[in-house]
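A, B, ... follow the sequence lines: proteins, then strands. Residue 1 opens every chain. This one's a predicted model, so the numbers in the text were calculated from it and none came from an experiment.
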Number of protein chains: 2
Amino acid sequence: MQIKALPGFRDFYPEDFAYRRHILEAWRRVALRYGFEEYDGPPLEQVDLYTVKSGEEIVTQLYAFTDKGGREVALRPEMTPTLARMVSARARGLKKPIRWFSMPQLFRYERQQRGRLREHFQLNCDLIGEAGPAGDAEIIALAVDIMRELGLTSGDVRVRLSDRRLLNAVLGEVGLPEGQHGLAYQLLDKLGRGEYGKVKEALEEGGAPPDALARLEKVREIRDWDGLSDAFPAAANAADPLRQVVGTLEAMGLGEFVDLDLTIVRGLAYYTGVVFELFDARGELRAICGGGRYDHLLEALGGDALPALGFGMGDVVLLELLRERGLLPQASPQVDVFLAAVTPEDLPEVLGLAHLLRDHGFRVEYPLTMTGVGKQLGLANSRGARYAVVLGPEDRKRGEVQLKDLGSGEQRSVSQAELPKILRGMGLEDSRAPSPQPSQTSHG
Amino acid sequence: MQIKALPGFRDFYPEDFAYRRHILEAWRRVALRYGFEEYDGPPLEQVDLYTVKSGEEIVTQLYAFTDKGGREVALRPEMTPTLARMVSARARGLKKPIRWFSMPQLFRYERQQRGRLREHFQLNCDLIGEAGPAGDAEIIALAVDIMRELGLTSGDVRVRLSDRRLLNAVLGEVGLPEGQHGLAYQLLDKLGRGEYGKVKEALEEGGAPPDALARLEKVREIRDWDGLSDAFPAAANAADPLRQVVGTLEAMGLGEFVDLDLTIVRGLAYYTGVVFELFDARGELRAICGGGRYDHLLEALGGDALPALGFGMGDVVLLELLRERGLLPQASPQVDVFLAAVTPEDLPEVLGLAHLLRDHGFRVEYPLTMTGVGKQLGLANSRGARYAVVLGPEDRKRGEVQLKDLGSGEQRSVSQAELPKILRGMGLEDSRAPSPQPSQTSHG
């Protein structure tokens with residue numbers, strides 16, 4: 001038998017895991033700098049949690065099944081319903097604004113195409129209880145700073161920014177009746193990607209005025225405030241919150257990342273204000289990140305009426321982009337110090353020393369099977385160790401070891417007692433837990 | 001509607017997440033010090049992967065279902081089959097011994113009792129391609145060092161150590177036929193926990209000699225090598241590998257954690273050598289960790305014949321023990337510096353400064369809605385910030401800020417340009433990515 005991983009699921013061998021960790025740790029570092037706190041929920045939830053928000057139609061994309069207790073359950077396809085459930089359960093006890101992030105693995109059973117995955121990791125950052133544009137800017141800045149943290153510049157990644165309130169005003173200005181707004185959003189969305197003929201036809205058949213559609217097609221060309229005012233002078237007033245968001249991002253020094261783009265709609269029905277997506281600047285890949293404001297969602301899911309906004313950022317497109325740009329880290333060795341014994345009688349002391357160095361936070365290996373010193377040093381090299389520490393009968397008598405720099409080949413005798421200090425002095429990192437920070441005292 | 005989490009699944013609110021992270025980061029730190037590399041596999045696998053090893057009976061405990069492609073799949077109940085699958089697929093390309101660890105979330109659908117969970121996180125450490133007792137000692141030492149890393153001592157946690165080869169010899173010495181070894185293992189296992197009458201009866205009915213059973217019951221009393229030799233003089237020879245393991249642990253300075261305990265069998269059929277479990281010293285909780293040598297498993301799962309051993313350590317009992325011993329970390333604040341603006345005109349400069357400080361790795365917040373300075377400082381306090389930075393029109397003119405220590409109440413003017421350096425000097429931690437270590441150059 002040779003059982004394989006399920007199609008659409010990834011095995012993370014150590015080298016793949018290192019890339020995954022590179023991305024997830026960058027997510028975490030930046031989120032923490034924005035004062036966000038990490039949470040998580042179960043990877044399995046009741047199906048109802050997802051259908052309430054997205055309708056029965058989402059079931060076709062779920063990994064859903066009936067569990068042994070007769071419950072309809074699903075592997076989580078997104079994090080927002082879990083977030084809403086958790087916040088609702090404790091809303092009154094949580095200080096606002098709530099700044100929370102999570103990095104769940106998510107699952108969708110889509111028909112598989114071109115190596116499309118059925119799982120991915122997604123950073124979710126949400127800001128709950130803040131209605132003003134400063135909140136929108138804060139969330140967008142967080143997404144942009146993750147790009148910068150990973151080495152990407154405004155030449156690599158663009159933020160495309162829009163606002164559902166502004167789009168509503170545009171649809172009103174061109175004279176589309178409310179009943180056609182749903183289709184019109186689809187048109188806007190498709191304008192950004194080509195192939196919008198079908199949606200346009202549907203609108204025409206529904207009685208949309210041809211001149212309204214012609215005006216609407218112009219949103220593609222709008223890239224700045226002047227363009228907006230020229231094309232839609234009435235609607236442009238509805239752009240005030242968006243202008244404030246852009247102004248805030250400029251004050252933060254992040255303005256160069258941002259493009260106004262009215263074809264950004266976000267498919268999900270629940271957005272109520274600013275919406276945005278991050279794309280690679282060449283437009284070759286799918287979206288890196290998408291988000292916006294969803295002020296009515298928590299209430300719709302049975303919780304308190306709290307304004308909220310957030311984004312989701314997946315690991316797959318980001319990994320692709322970092323790989324293309326040569327921004328993935330080099331594989332790093334697993335070992336700082338490799339200990340070698342000259343004779344079997346030296347082994348007990350090698351073991352004691354190995355343990356001492358590990359207690360000091362160094363990454364340490366030693367040969368599990370006794371062989372010649374040359375072979376042991378070969379193993380040290382193959383593990384990428386920076387230093388070898390060789391211990392023989394003479395060294396033991398003197399309480400010393402031979403410390404060998406495996407890069408330069410230099411070797412010298414050093415005292416066993418001094419070894420941890422010497423290694424630290426040579427730039428080896430101490431991986432012990434950080435000692436509690438003075439900041440842990442509360443000022444309540 | 002008010003949908004809840006599924007029974008047996010945990011929500012990790014930020015304070016719960018912090019505990020989970022405390023444990024998982026200790027796992028990771030210690031595993032890395034032992035030269036182990038992190039990997040992961042899919043949380044969903046084909047059911048066959050689990051039945052091959054554990055028989056059809058495990059299906060009753062699986063979260064198993066048929067996916068939309070007609071595949072029988074299951075949420076992973078353990079990591080070893082995935083590990084075996086991944087290693088088998090690349091066995092020849094991987095340098096031996098393979099030192100790998102993973103921290104998967106695992107799932108079992110057991111009938112729920114006393115708040116028993118249906119998911120938990122489990123550290124899996126495995127050493128593949130090493131047959132000798134030094135490998136066993138290395139794996140046990142890793143488990144013990146995690147206890148020490150978390151602040152637990154040999155007074156809190158005990159390693160109970162046995163060996164399937166030794167147990168086989170004991171069963172032979174007391175005169176139990178091979179056909180009864182399976183039941184005899186159950187008896188040994190239950191001897192350690194009381195209630196072994198039923199298994200004993202089954203053995204008697206199966207024709208086990210009564211004096212054999214009487215001798216077997218004595219294993220409970222064996223705590224050291226002398227006790228072993230007295231009770232089972234012939235079998236004691238089979239204890240040589242175990243003696244070497246204990247000797248190695250003693251050389252590492254970890255001997256004080258270890259007890260010989262022949263009632264440790266490990267339920268799983270696939271163990272072939274040393275087996276061990278970690279328990280709280282008072283014996284009040286379930287096992288913290290269990291593992292051992294499984295030299296034939298990889299081959300049985302369709303891979304190469306490679307000796308292997310490893311352990312699994314769950315987060316739930318460990319969390320319980322740390323909580324009981326008062327060893328969980330205090331909640332730490334989410335913010336280093338809170339910026340406050342005196343007038344709305346100061347906000348752009350506050351935003352620029354916020355971004356500068358975040359770029360320097362500090363955790364920074366500022367008010368998203370403009371209010372009075374007093375209220376802003378109140379928010380700073382409620383977020384546990386160590387420092388407030390207040391910026392008013394006069395400060396802007398002078399290129400300065402008011403830096404206020406929220407613990408002591410002290411306040412002074414400092415230059416904006418110097419602020420990052422001053423904050424670092426006051427012990428705030430820089431959370432930027434560590435710069436690449438010199439050790440990243442290879443010595444191939």
*Measure distances from A:L356 to the heavy atoms of chain B and classify the residue's part below 4.5 Å as side chain, backbone, both or neither.*
neither
_Taking side chain as everything from C-beta outward and backbone as N, CA, C, O, which of these in A:L254 sits under 4.5 Å from a heavy atom of chain B? Side chain, backbone, both or neither._
side chain
*With only heavy atoms counted, which part of A:A354 is less than 4.5 Å from chain B, the side chain, the backbone, both or neither?*
neither
*Given a strict heavy-atom distance threshold of 4.5 Å, which part of A:Q105 is in contact with chain B: side chain, backbone, both, or neither?*
side chain
_Quick check on A:R71 against chain B: is it the side chain, the backbone, both or neither that has a heavy atom closer than 4.5 Å?_
side chain
*Taking all atoms of both residues into account, what is the closest heavy-atom pair of A:M252 and B:Y366, and its distance?*
CE-OH, 3.1 Å
*Considering only heavy atoms and a distance below 4.5 Å, find which of A:P14, A:A141, A:G41 pairs most often with chain B.*
A:P14
*Could you tell me the separation between the CZ atom of B:F36 and the CD atom of A:E365, rounded to the nearest 0.5 Å?*
8.0 Å
_Show the nearest heavy-atom pair for residues A:L127 and B:L368, with the distance to one decimal._
CD2-CD1, 3.8 Å
*Sort A:E15 into side chain, backbone, both or neither according to what part of it lies under 4.5 angstrom from a heavy atom of chain B.*
side chain
_Contact class of A:V337 relative to chain B, heavy atoms under 4.5 angstrom_ = neither
*In Å and rounded to the nearest 0.5 Å, what is the CG to CD distance from A:L44 to B:E119?*
10.0 Å
*Looking at B:R383, B:K95, B:R28, which one has more heavy-atom pairs under 4.5 Å with chain A than the rest?*
B:R28
*Enter the distance from B:T82:OG1 to A:F12:CZ here, rounded to the nearest 0.5 Å.*
13.0 Å
*For the pair A:K68 (side chain) and B:A64 (backbone), establish whether a donor and an acceptor sit closer than 3.5 Å, ignoring hydrogens and angles.*
no
*Donor-acceptor contact below 3.5 Å, side chain B:R358 vs main chain A:D145*: no
_Using 0.5 Å steps for rounding, measure from the CG atom of A:L6 to the CG atom of B:L49._
9.5 Å
_Contact leader toward chain A among B:S382, B:G253, B:G135, where contacts are heavy-atom pairs under 4.5 Å_ = B:S382
*Using non-hydrogen atoms only, which part of A:D11 is less than 4.5 Å away from chain B: side chain, backbone, both, or neither?*
both
*Could you tell me which non-hydrogen atom of A:E45 sits nearest to which non-hydrogen atom of B:A5, and how far apart they are?*
OE1-CA, 4.2 Å
*chain B heavy atoms under 4.5 Å from A:L357: which part of the residue, side chain, backbone, both or neither?*
neither
*So which of B:L347, B:L351, B:L379, B:D40 has the largest heavy-atom pair count under 4.5 angstrom toward chain A?*
B:D40
_Between CG on residue B:L32 and CD on residue A:Q334, distance to nearest 0.5 Å_ = 7.0 Å
*Where on A:S102 is there a heavy atom nearer than 4.5 Å to chain B: the side chain, the backbone, both, or neither?*
neither
*asked:* I'd like to know which of B:A89, B:A131, B:A26, B:G69 tops the heavy-atom pair count under 4.5 Å against chain A.
replied: B:G69
*If you count heavy-atom pairs under 4.5 Å between each of A:F338, A:Y63, A:Y39 and chain B, which one has the most?*
A:Y39
_Rounded distance [0.5 Å steps], CD in A:E38 versus CG in B:D16_ = 12.5 Å
_Heavy-atom proximity to chain B below 4.5 Å, by part of A:F107_ = side chain
_Aromatic plane relationship, A:Y13 with B:W100 - under 30° parallel, 30 to 60° tilted, over 60° perpendicular_ = perpendicular
*Side chain of A:K4, backbone of B:Q46: donor and acceptor closer than 3.5 Å?*
no
*Against chain A, work out which of B:R10, B:E138, B:E250, B:R20 has the most heavy-atom pairs shorter than 4.5 Å and name it.*
B:E138
*Relative to chain A, which of B:E130, B:E25, B:R148, B:R99 shows the most heavy atom pairs under 4.5 Å?*
B:R99
